[in-house]
Amino acid sequence: MSAKKMVCKNKIRYGILDRKEVVYVTTDGKYNIEFIVDKDMWLNHLNKYNWTASMANNRATVKTSIKGTTKSVHTVICEIIYNEEDMWGRSVDHINVNKYDNRVSNLRLVSHRINSMIQQNYENIKIYETQNICGKTQYMSHFMINGKRYYKNSVNKEVVEQFINDNIHNIFNKREQAIKDAEKRNEFMS
């Protein structure tokens with residue numbers, strides 16, 4: 001008996017983000033969520049699987065099934081780039097807080113405690129596709145970080161993505177410092 005071969009049914013498009021080649025992948029099934037991965041990660045590893053999204057508490061999770069186990073895209077990527085010992089007792093953090101941005105440069109391992117602290121302070125950053133009054137497709141993102149609301153809309157999705165990446169850079173630098181401070185306190189407590 002031969003193993004059943006997985007066939008990827010996802011729609012993809014190639015692009016450039018932060019001067020690197022990426023793939024925008026749209027999940028298959030009931031929920032069509034677009035997520036970003038590095039082009040080489042897609043071509044060498046992720047395109048073997050069919051990616052879907054599930055919804056719980058208004059939160060979408062991008063996932064696939066590998067050998068009968070459901071895994072999220074960021075977990076699969078981290079299992080490729082980190083060893084099992086590194087991953088034990090750790091959570092995957094999306095550095096720019098966009099859980100759909102799964103480029104290797106945007107993922108890191110943190111303690112569960114640090115990850116909980118991060119999630120409490122930041123809403124998920126999403127890009128919505130809408131129609132304007134003329135029927136033209138436009139994209140918008142609105143999110144809140146530490147009580148401050150950010151908003152951007154454009155007919156060009158890349159403009160909205162660039163807004164997310166560029167305009168909140170200083171906020172994330174402050175967040176990074178808070179994480180480093182917490183990790184130092186955690187080291188001294190052990």
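What's counted below: heavy atoms across the whole structure, side chains too, no hydrogens, waters or symmetry copies. What you see is a predicted model; the values in this text were computed from it and never measured.
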Over all atoms of both residues, closest heavy-atom pair of V76 and W51:
CG2-CH2, 3.9 Å
Looking only at the side chains, is there a donor atom on one of Y24 and E161 sitting less than 3.5 Å from an acceptor on the other?
yes
Close side-chain approach of V73 and V37, heavy atoms under 4.5 Å:
yes
Nearest heavy-atom contact between Y31 and A53 is CD1-O, 3.5 Å
Do D28 and K11 sit within salt-bridge range, that is, some charged N less than 4.0 Å from a carboxylate O?
no
Side chain of N106, backbone of I95: donor and acceptor closer than 3.5 Å?
yes
R108 CZ to S91 OG distance, which is reported to the nearest 0.5 Å
12.0 Å
Out of curiosity, does I66 fall in the hydrophobic cluster containing L43 (side-chain heavy atoms, cut-off under 4.5 Å, transitive links)?
yes
Among residues at least two apart in sequence or on other chains, which ones pass ring pair (Phe, Tyr, Trp, His ring centres under 6.0 Å) with Y128?
H142
In the structure I gave you, are the side-chain heavy atoms of Y100 and V62 within less than 4.5 Å of one another anywhere?
yes
If two hydrophobic side chains count as joined below 4.5 Å and joins carry through other members, does I81 share a cluster with V22?
no
Taking all non-hydrogen atoms of both residues into account, name the closest pair between H94 and H74 and its distance.
CE1-ND1, 3.5 Å
If you define the side chain from C-beta out and look only at heavy atoms, does anything of C78 sit under 4.5 Å from L107?
yes
Linking I/L/V/M/F/W/Y whenever their side-chain heavy atoms sit closer than 4.5 Å, directly or via other members, would V104 and V92 fall into one cluster?
yes
Where is the tightest heavy-atom contact between I12 and V23, given as atom of each residue plus distance?
CB-CG1, 3.8 Å
What about I80 and Y82, same hydrophobic cluster or not, with Ile/Leu/Val/Met/Phe/Trp/Tyr joined at side-chain heavy-atom distances under 4.5 Å?
yes
Do you know which of N102, N98, T26 makes side chain to side chain contact (heavy atoms under 4.5 Å, CB included) with F35?
N102
Check whether any side-chain heavy atom of N50 lies under 4.5 Å from a side-chain heavy atom of N10, and answer yes or no.
yes
Close side-chain approach of Y49 and N47, heavy atoms under 4.5 Å:
no
Which residue pairs satisfy the salt bridge (Lys or Arg N to Asp or Glu O under 4.0 Å) criterion with at least one member in residues 34-45, sequence neighbours excluded?
R13-E34, E21-K39, E34-K157
Go through the steps to decide whether K20 and D18 satisfy the test salt bridge (Lys or Arg N to Asp or Glu O under 4.0 Å), and finish with yes or no.
CA-CA 6 Å; K20 294 185 181 170; D18 296 335; over 6 Å; no
Is there any salt bridge (Lys or Arg N to Asp or Glu O under 4.0 Å) pair reaching into residues 60-73, and which pairs are they, with sequence neighbours excluded?
K71-E79
Are Y14 and I77 connected, step by step, through hydrophobic side chains (Ile, Leu, Val, Met, Phe, Trp, Tyr) whose heavy atoms are closer than 4.5 Å?
yes
Can you measure from OH (Y151) to OG (S141) and round to the nearest 0.5 angstrom?
9.5 Å
So do the side chains of V160 and M140 get within less than 4.5 Å of each other, counting heavy atoms only?
no
Close side-chain approach of I36 and L17, heavy atoms under 4.5 Å
yes
